[in-house]
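Below, each value reflects all heavy atoms present in this structure, side chains not excepted, and no hydrogens, waters or symmetry copies. A, B, ... follow the sequence lines: proteins, then strands. Residue 1 opens every chain.
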Protein chains: 2
Amino acid sequence: MSQTPQGICCPAPRPVPVEGPPAAGTGGRYTISEVAERTGLSAHTLRWYERIGLMPHINRSHTGQRRFSDRDLVWLDLVGKLRMTGMSVADMVRYAELVRAGDHTYPERRRLLAATREDVLRRIDELRGTLAVLDVKIAHYTGNEDTPAVSEEAATS
Amino acid sequence: MSQTPQGICCPAPRPVPVEGPPAAGTGGRYTISEVAERTGLSAHTLRWYERIGLMPHINRSHTGQRRFSDRDLVWLDLVGKLRMTGMSVADMVRYAELVRAGDHTYPERRRLLAATREDVLRRIDELRGTLAVLDVKIAHYTGNEDTPAVSEEAATS
DNA sequence: TAGAAGGTTGGAGTGCACTCCAGGCAAGTC
DNA sequence: GACTTGCCTGGAGTGCACTCCAACCTTCTA
């Protein structure tokens with residue numbers, strides 16, 4: 001959930017069998033390419049999300065093609081938000097499993113999201129810190145467009 | 001520099017021959033493990049950073065071991081900040097090359113950092129957006145610790 | 001009837017940022 | 001002299017999150 005000083009990137013996933021609650025029966029029926037366009041995810045990624053258990057069961061047409069519901073879109077929207085927080089796909093799959101498991105998982109879901117929230121706050125703080133550094137650097141370069149550098153160049157610029 | 005909806009992760013690097021300005025001659029002489037401890041980076045990563053051109057030349061002891069200077073530590077601090085912004089290693093190498101190339105690269109360095117700054121602002125905004133979503137979810141789970149779920153469960157929780 | 005468009009699958013491939021490994025060297029301690 | 005510690009190198013391996021491929025199926029339009 002949190003990030004080590006070096007590994008600025010990401011934790012450990014694992015493929016998970018899809019076996020959730022009954023899929024939605026509400027709203028429009030979108031093809032995979034329509035959903036790709038709406039969400040900005042590729043069709044590849046949408047299939048992959050389903051395969052690893054990050055989606056609830058997706059309905060199929062009589063020819064076996066995926067037909068996404070409005071509910072699926074809402075879910076994908078949440079997934080997109082969670083991705084933005086830096087949450088790993090593995091953790092999102094874990095969350096999806098909790099949702100499928102039923103209401104008794106509320107406390108754990110809350111815990112997962114609360115931890116994510118803490119992460120986000122930390123990240124915002126970090127980013128604000130980098131902003132300060134960037135501003136100093138940019139001001140330095142702006143004020144010295146053509147003047148010779150001072151001392152610490154290799155280290156400080 | 002910016003991130004696509006899907007590729008939340010990262011751009012393209014390339015190995016770059018180290019051939020920068022004369023290395024620092026100031027300050028303490030730290031071994032690689034000392035620097036690893038101070039920066040939180042692994043010794044592996046420090047060697048790798050040097051190899052790809054992300055470090056200025058690092059001095060060596062008479063036996064060929066790296067001896068990092070205070071200036072190197074300052075540089076690593078900046079690199080750490082840039083990593084936090086989400087800047088790719090490839091872009092950081094590019095920046096390091098500009099620093100090595102001399103003062104006439106000030107405008108481009110400024111441009112690079114200004115673009116990074118914009119990215120950071122965008123990311124902070126995104127994170128704030130996710131915070132709002134998380135808060136709604138967490139409040140929902142907190143208020144319904146044991147009560148049955150409502151309708152949209154698979155999609156909204 | 002042909003061809004194009006859009007979908008299906010499992011499995012392999014990609015790019016990034018590390019991370020580890022084998023084999024070796026130098027200095028210090030018992 | 002043996003052992004330990006800490007460092008060196010080039011190159012291979014890892015984990016994540018996609019991304020692509022080949023072979024195939026349906027549906028639709030010309």
Whole angstrom is fine here: how far is it from CD in B:E50 over to C1' in D:dT9? 12 Å
Protein-nucleic acid N or O pairs under 3.5 Å, nucleotides 24-28 of chain D:
from	atom 1	to	atom 2	distance (Å)
D:dT27	OP1	A:H62	NE2	3.3

Euclidean distance, atom CG of residue B:L41 to atom P of C:dC20 [Å, nearest integer]: 14 Å
Indicate whether OP1 or OP2 belonging to C:dT9 is found under 4.0 Å from a side-chain N or O atom of A:R60. yes
Using a 4.0 Å heavy-atom cut-off across all strands, classify A:S61 as base, sugar-phosphate, or nothing. nothing
Rounded to the nearest Å, what distance is computed from the CZ atom of residue A:R51 to the C1' atom of nucleotide C:dT8? 12 Å
Main-chain N/O of A:I138 paired with B:R117 side-chain donor or acceptor, under 3.5 Å: no
Once you round it to whole Å, what is the distance between P of D:dA12 and CH2 of B:W48? 17 Å
Ignoring backbone atoms, test whether A:R47 places a side-chain nitrogen or oxygen under 4.0 Å from the OP1 or OP2 oxygen of C:dG11. no
Could you check how far NE2 of A:H44 sits from P of D:dC21, rounded to whole Å? 8 Å
A:I52 CD1 to C:dT9 C1': how many Å, rounded? 17 Å
Interatomic distance where CG belongs to B:L46 and C1' belongs to C:dA17 [whole Å]: 14 Å
Between B:Y49 and C:dA17, is there a contact of a side-chain N or O with OP1 or OP2 at under 4.0 Å? no
State which residues pass side-chain contact (heavy atoms from CB on, under 4.5 Å) with B:S33; sequence neighbours excluded, sorted by chain then number. B:T31
Go through B:D119 and B:T85 one step at a time and tell me if the side chain to side chain contact (heavy atoms under 4.5 Å, CB included) criterion holds. CA-CA 8 Å; B:D119 262 12; B:T85 69; over 6 Å; no
If the cut-off is 4.0 Å, is B:S33 near the phosphate of D:dC7, judged by side-chain N/O to OP1 or OP2? yes
Hey, is the side chain of B:R83 poking within less than 4.0 Å of OP1 or OP2 on C:dC18, counting only N and O atoms? yes
If the condition is side-chain hydrogen bond (donor to acceptor under 3.5 Å, both in side chains), which residues does A:R38 pass it with, not counting sequence neighbours? none
So that I can tick it off, tell me whether A:R94 and A:E97 are bridged by a salt bridge, with the cut-off set at under 4.0 angstrom between side-chain N and carboxylate O. yes
Taking only side-chain nitrogens and oxygens of B:T31, does any of them come within less than 4.0 Å of OP1 or OP2 of D:dC7? yes
Nearest-angstrom distance from the residue atom CD of A:E34 to C1' of C:dA5: 14 Å
Is it the case that the side chain of A:D125 and the backbone of A:R122 share a donor-acceptor pair, with hydrogens and angles ignored and the cut-off at 3.5 Å? no
How long is the span from the CE atom in A:M84 to the CZ atom in B:R123, to the nearest 0.5 Å? 10.5 Å
Between D:dC8 and B:R66, is there an OP1 or OP2 to side-chain N/O distance shorter than 4.0 Å? yes
